Amino acid sequence: MGRSHHLEPRWWGGTLRDIRAEIRSLARSDGDYAIVCGRTGSEPGAATGRRFPDRRTAGAAAELTRDYRAALRRYDPNIPYDDPQVYEVSKGPPRSAAAGSEDDYTRYSAFCHDTAGALFEALSELGHREAETAAMETYLTLAEVVDDHDDFCLTLVWSLMSELDVRLSPAEQRAVVEAAADLFCPTATPNPVDATLGHLETAGFVEGYSVRPIPDAEADVGTDRASETGVSANARTDARTDGDDSSRTWELTFGDYALAERTGRIPTLPIAVSLLRRTPGRAVRFIDGEALSDGRWRLRVRMTPEGDSAGLVSVEAAENRWLNDPSASLGR
């Protein structure tokens, strides 16, 4: 890494947009073919949710996903090379593209770069040149001193979170995160909160989680926090009561959060992008956060059919001994 890798960030975000636009131009809503990464078992970020009319067209789109990854590699040479494979949707992904791949770093890196790439595209699309430039400059500066080069991908996400937090208003933050989520072809997902944390766990961004619905009376009293030991043993089952509920508040607990920090705020950005992909048409509001013992965190999130989303970049974390104890482990 170094300044020799520097490109004007606006151009970079625009390049990612151009490549995704080419992929989109090849896609058809009734297409019979799709693309999956043989190394992660997931669709490449730039082609997520896209379907293509025939194998040849899908093959061209697969090559474009390589171009997208190559653009990202300009800044993080450690990005693993992906293995885009074309398959017929009716027959399912090839066995070689097993979701249970043992390549943990590939899944982790892909999650970080898919999220970061979409956010840079959104910043470019919405004209936030100053924030886009600042995020890239912050990343390039930090990359010079990061000890483990495998952390470049996380540093890129952190740089985006940091600059969005200080340079954009809440309304601008909401627009950027929503635009980034839209790039993944949002699809209503059963039990979206549970599915989101499951996705983050598979990607290695958190380790171990639970989700429980909170009664409105409890959710409305911010100081009435449930004890760490009070989380239901059947939390994941309880979370599946989401169904047709028009409004619901959820309490999330998870450990080893990759973006954990001691600034007094807890980053929500990657969680928000992932959740909004699964909740089209609903407002998502992250309410508050709290550090728990043993490197765990608690967040509350409320979903409603109307209103504006909020807290999509970070939320305030309650001051307590775990947040302020430098000997306590907060994350990775």
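This is a predicted model, so every value here is computed, not measured.
- The ring of Tyr33 has its center no closer than 6.0 angstrom to the ring center of Tyr87.
- For Glu88 and Lys91, the salt-bridge test passes: some basic side-chain N is under 4.0 Å from an acidic carboxylate O.
- With rounding to the nearest 0.5 Å, the separation of CG in Leu16 from CG in Leu119 is 11.0 Å.
- With sequence neighbours excluded, the residues that form a ring pair (Phe, Tyr, Trp, His ring centres under 6.0 Å) with Phe254 are Tyr257.
- Here the side chains of Thr249 and Val301 are not in contact, with every heavy-atom distance at 4.5 Å or above.
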Item checked: Chi angles and distances behind the salt bridge (Lys or Arg N to Asp or Glu O under 4.0 Å) call for Glu290, Arg296 -> CA-CA 9 Å; Glu290 182 179 14; Arg296 297 185 64 76; over 6 Å; no
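- The side-chain hydrogen bond (donor to acceptor under 3.5 Å, both in side chains) check on Thr57 picks up Asp54, with sequence neighbours excluded.
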Just list the side-chain donor-acceptor pairs under 3.5 Å for residues 22-31, sequence neighbours left out, or say none.
| from | atom 1 | to | atom 2 | distance (Å) |
| --- | --- | --- | --- | --- |
| Ser25 | OG | Glu22 | O | 2.6 |
| Arg28 | NH1 | Ser25 | O | 3.1 |

Can I get a per-line list of side-chain donor-acceptor pairs under 3.5 Å for residues 173-184, giving both atom names and the distance, sequence neighbours left out?
| from | atom 1 | to | atom 2 | distance (Å) |
| --- | --- | --- | --- | --- |
| Gln173 | NE2 | Leu164 | O | 3.1 |
| Gln173 | NE2 | Leu168 | O | 3.1 |
| Arg174 | NH1 | Ser309 | O | 3.4 |

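- With salt bridges taken as basic N to acidic carboxylate O contacts below 4.0 Å, none links Arg17 and Glu121.
- In this structure, the side chains of Cys153 and Tyr105 come closer than 4.5 Å at one or more pairs of heavy atoms.
- Residues passing the salt bridge (Lys or Arg N to Asp or Glu O under 4.0 Å) test with Asp83, sequence neighbours excluded: none.
- Remark: the Thr106 side chain and the Thr40 side chain contain no N/O donor-acceptor pair separated by less than 3.5 Å.
- Ser314 and Arg265 are linked by a side-chain donor-acceptor pair at a separation below 3.5 angstrom, with hydrogens and angles left out of the test.
- You'll find the side chain of Leu292 stays beyond 4.5 Å of the side chain of Trp297, heavy atoms only.
- In this structure, Pro44 and Tyr68 have side chains that are not in contact, with every pair of non-hydrogen atoms separated by 4.5 Å or more.
- For the pair Arg66 and Tyr81, the cation does not sit on the ring face, since its NZ or CZ is not both under 6.0 Å from the ring centre and inside 45° of the axis.
- Remark: the Thr133 side chain and the Arg129 side chain contain no N/O donor-acceptor pair separated by less than 3.5 Å.
- Within the 4.5 Å cutoff, the side chain of Leu72 has no heavy atoms near those of the Asp76 side chain.
- Identified under the salt bridge (charged side-chain N to carboxylate O under 4.0 Å, His left out) test for residues 152-164, with sequence neighbours left out: Glu163-Arg167.
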